[in-house]
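Okay, structure first, notes after.
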Amino acid sequence: MPEPDNTRIVILGGGFGGLFVALELEKTLARDPNVNITVVNRENFFLFTPMLHEVAASDLDLTSIVNPARKLLRRVNFLEGDVERIDLQKKTVQVSHGVDHHHHEMPYGHLVIALGSITNFYGLPGLAERALTMKSLGDAIHLRNRLIAHLEHADPECGAALREPLLTFVVAGGGFAGVETVAGINDFVRDALRFYPNLKESDLRVVLVHPGPTILPELGEKLGTYAQKKLAERGVDIRVNVKVTGVSDDGVTLSDGTFLRSRMVVWTAGTSANPQLASLPCHLDHGRICVDSTLAVPGWPNVWALGDCALIPDERTGRFFPPTAQHALRQARVVARNITATERGGRRKKFSFATIGQLAAIGRRSGVANILGVNFSGFVAWWLWRSIYLSKLPRLEKKVRVALDWTLDLMFSKDLVQYQTFRAPSVSEEEMTQEGEPRGGKAA
Ligand SMILES: Cc1cc2nc3c(=O)[nH]c(=O)nc-3n(C[C@H](O)[C@H](O)[C@H](O)COP(=O)(O)OP(=O)(O)OC[C@H]3O[C@@H](n4cnc5c(N)ncnc54)[C@H](O)[C@@H]3O)c2cc1C
């Protein structure tokens with residue numbers, strides 16, 4: 001039996017790292033009624049990031065790629081809240097929670113830190129205020145709404161003078177997120193054009209800005225060049241070896257001096273560690289928690305870290321594991337196993353994993369992939385992308401929803417509805433008679 005103190009396991013973050021630790025523990029320690037396990041996450045759902053660009057580009061419905069944490073967890077508790085402070089000395093976590101943001105102090109016996117990363121604008125002028133990002137479900141919804149808003153603004157005659165900045169869409173960063181996002185934007189706005197009679201294909205400009213010589217550097221030069229060629233054929237203007245250096249209300253400035261008149265820039269070119277970790281007394285490297293190969297935080301017994309917020313040594317290469325979902329998922333299994341081993345006895349396992357493959361969808365039913373060292377491109381890679389990620393998406397219900405969305409997408413054009421959340425108009429006090437009716441007579 002575990003020590004009473006250690007029966008309380010708190011998992012911070014409900015993403016690929018944290019949620020999957022909880023799912024693994026469901027099979028072991030969570031079966032013990034004396035063990036209390038809680039996941040704390042800002043949102044009450046798990047977001048499947050690899051399909052995020054499909055929400056932004058209106059290929060998938062807004063909620064198809066998110067799963068409510070409570071439907072995934074049976075024996076593990078869930079608390080929707082914001083982690084505000086981690087006190088490793090006192091072994092407590094401060095969480096603000098609820099509509100009134102009241103505070104909870106959560107003591108722990110084991111602490112799992114899986115708080116992911118945040119966007120980094122590197123202090124570039126105008127970016128933090130104006131750039132859109134692609135990290136959360138809200139980001140994808142916001143991007144989709146903005147694309148539609150720009151088309152709506154530009155279509156009538158009054159929008160003619162602003163068509164160039166409104167219809168120039170700039171994506172910064174030629175990694176997976178940037179390439180998939182630019183491909184999605186390109187397909188979406190070109191498909192939507194036929195519903196906007198005053199707009200022409202030549203009014204659209206979709207630009208991808210990448211600091212290196214070839215996009216998708218993780219996939220190697222051959223596939224990167226292929227992706228570049230395909231995107232360029234579909235009208236994407238690819239600028240390599242340049243960086244975005246600033247954004248103003250009028251446009252985007254690049255490091256080669258080019259100025260693009262644009263009202264929309266999507267920034268996917270930088271992440272940094274979660275700021276919640278900055279004050280931790282353990283060893284940090286560029287804000288990430290340094291852990292040993294068993295994913296334990298040295299010097300702090302029963303504290304574990306994984307995923308994008310941890311720096312994990314790869315004993316085979318002498319380097320560190322990359323921050324990807326496929327790594328976070330496998331690290332989760334190791335953390336769960338090592339917590340169980342600590343409490344129930346047994347040897348701790350070291351984390352070791354070699355990337356199986358990497359895939360990117362580049363629009364119009366084409367993709368690029370490297371799986372077990374073999375390159376795939378075009379339709380086959382796109383089909384692999386869809387099949388593999390559909391199989392990884394948690395829960396049958398969501399798999400069915402995504403498969404249905406994809407099937408309907410073959411028959412119908414993309415949805416152009418803007419998701420607006422403002423309140424419907426109501427009668428103000430000044431407009432009201434003493435009887436509570438609107439001035440100007442009763443409604444018929
Ligand atoms: C657009 C996009 C596409 C991607 N595509 C791929 C892909 O195709 N393949 C791949 O392998 N990887 C992909 N990744 C990377 C992958 O998503 C990450 O590596 C993975 O999510 C890391 O898991 P994590 O648990 O460390 O962080 P996350 O999954 O980000 O989870 C962190 C969780 O912590 C929560 N959180 C953060 N701060 C707080 C706080 N203070 N209080 C409460 N909760 C908090 C967050 O809300 C989030 O739910 C992609 C990432 C993005 C953004």
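Whatever order the structure lists ligands and atoms in, that order sets their numbers, starting from 1. When reading the values below, keep in mind they use all heavy atoms of this one structure, side chains included, and skip hydrogens, waters and symmetry mates. This chain uses plain numbering: 1 for the first residue, then up along the sequence.
Remark: ligand 1 and C309 share no N or O pair separated by less than 3.5 Å (distance only, no angle test). For ligand 1, one of its N or O atoms has an N or O atom of Q326 under 3.5 Å away. At a 3.5 angstrom cut-off on N or O pairs, V83 counts as close to ligand 1. Any N or O atom pair closer than 3.5 Å counts here, and S117 shares no such pair with ligand 1. Between E43 and ligand 1, an N or O atom pair is found at a separation short of 3.5 Å. In terms of polar-atom proximity, defined here as any N/O pair under 3.5 Å, L306 makes no such contact with ligand 1.
A salt bridge links D32 with R344; the closest basic N to acidic carboxylate O contact falls under 4.0 Å. Look at D314 and R319 and you find no salt bridge, because none of the NZ, NE, NH1 or NH2 atoms lies under 4.0 Å from a carboxylate O. Between R364 and E233, none of the side-chain N atoms (NZ, or NE/NH1/NH2) sits under 4.0 Å from a carboxylate O, so this pair counts as no salt bridge.
In this structure, A310 falls outside the shell of residues with a heavy atom less than 4.0 angstrom from ligand 1.
Regarding atom 20 (C) of ligand 1, its nearest protein heavy-atom neighbour is F16 CD1, 3.8 Å. With hydrogens left out, the protein atom closest to atom 52 (C) of ligand 1 is T49 CB, 3.8 Å, a heavy atom. Closest to atom 24 (P) of ligand 1, if we only count protein heavy atoms, is G17 N, 3.9 Å. Protein heavy atom closest to atom 19 (O) of ligand 1, with residue, atom name and distance, is D308 OD1, 2.9 Å. Given atom 53 (C) of ligand 1, the protein heavy atom at minimum distance is M134 O, 3.4 Å. In terms of protein heavy-atom proximity, atom 5 (N) of ligand 1 is nearest to P50 CA, 3.6 Å. Looking only at protein heavy atoms, the nearest one to atom 31 (O) of ligand 1 is G15 CA, 3.3 Å. Looking only at protein heavy atoms, the nearest one to atom 45 (C) of ligand 1 is L115 CD2, 3.6 Å.
Short contacts between ligand 1 and Q276, defined as distances under 4.0 Å to a heavy atom of the residue, involve ligand atoms 41 (N). Remark: ligand 1 atoms within the under-4.0 Å shell around heavy atoms of G81 are 42 (N), 43 (C). Below 4.0 Å from some heavy atom of P323 lie the following atoms of ligand 1, by number and element: 19 (O). Near G307, meaning under 4.0 Å from one of its heavy atoms, ligand 1 places the atoms 26 (O). Counting the atoms of ligand 1 from 1 in the order shown, those under 4.0 Å from a heavy atom of N274 are 37 (C), 38 (N). Of all atoms in ligand 1, numbered sequentially from 1 with element shown, those under 4.0 Å from a heavy atom of N41 are 33 (C), 34 (O), 35 (C), 43 (C), 44 (N), 46 (C), 47 (O), 48 (C), 49 (O).
Of the heavy atoms in Y389, only side-chain atoms (C-beta onward) come closer than 4.0 Å to ligand 1. By the criterion of a heavy-atom distance under 4.0 Å, the side chain of A328, and not its backbone, is placed next to ligand 1. Here L19 has no heavy atoms under 4.0 Å from ligand 1, in either its backbone or its side chain. With a 4.0 Å heavy-atom cut-off, ligand 1 is reached by no atom of H327. With a 4.0 Å heavy-atom cut-off, ligand 1 is reached by the backbone of R42 and by its side chain too.
Donor-acceptor pairing under 3.5 Å is lacking for the side chains of D415 and S58. In this model, a donor atom of one side chain and an acceptor atom of the other lie less than 3.5 Å apart for D405 and S64. Side-chain contact annotation: S366 with R234, donor-acceptor N/O pair under 3.5 Å present.
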(Q) Pair R31, E26 - check salt bridge (Lys or Arg N to Asp or Glu O under 4.0 Å), show working. (A) CA-CA 6 Å; R31 288 177 180 272; E26 290 245 333; over 6 Å; no
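Listed for the R70 side chain is a donor-acceptor partner under 3.5 Å among the backbone atoms of F78.
No close placement of the F353 and F321 rings is indicated, their centers lying 6.0 Å or farther apart. Aromatic rings from F376 and Y226 are positioned such that their centres are separated by 6.0 Å or more. Separation of the W385 and Y389 ring centroids falls under the 6.0 Å cut-off. Taking the six-membered ring for Trp and the full ring otherwise, the centers of H102 and H104 sit less than 6.0 Å from each other.
Every residue two or more places apart in sequence or in another chain was checked for a salt bridge (charged side-chain N to carboxylate O under 4.0 Å, His left out) with R288, and none qualifies. Applying the salt bridge (charged side-chain N to carboxylate O under 4.0 Å, His left out) rule to R75 yields no partners; only residues at least two apart in sequence or on another chain are considered.
Residue-environment remark: CZ (R330) exceeds the threshold of 12 foreign heavy atoms within 6.0 Å. At most 12 heavy atoms of other shown residues, nucleotides or ligands fall within 6.0 angstrom of atom CD in E221.
Heavy-atom proximity to atom 11 (O) of ligand 1, evaluated over G18, A332, A325, is greatest for A325.
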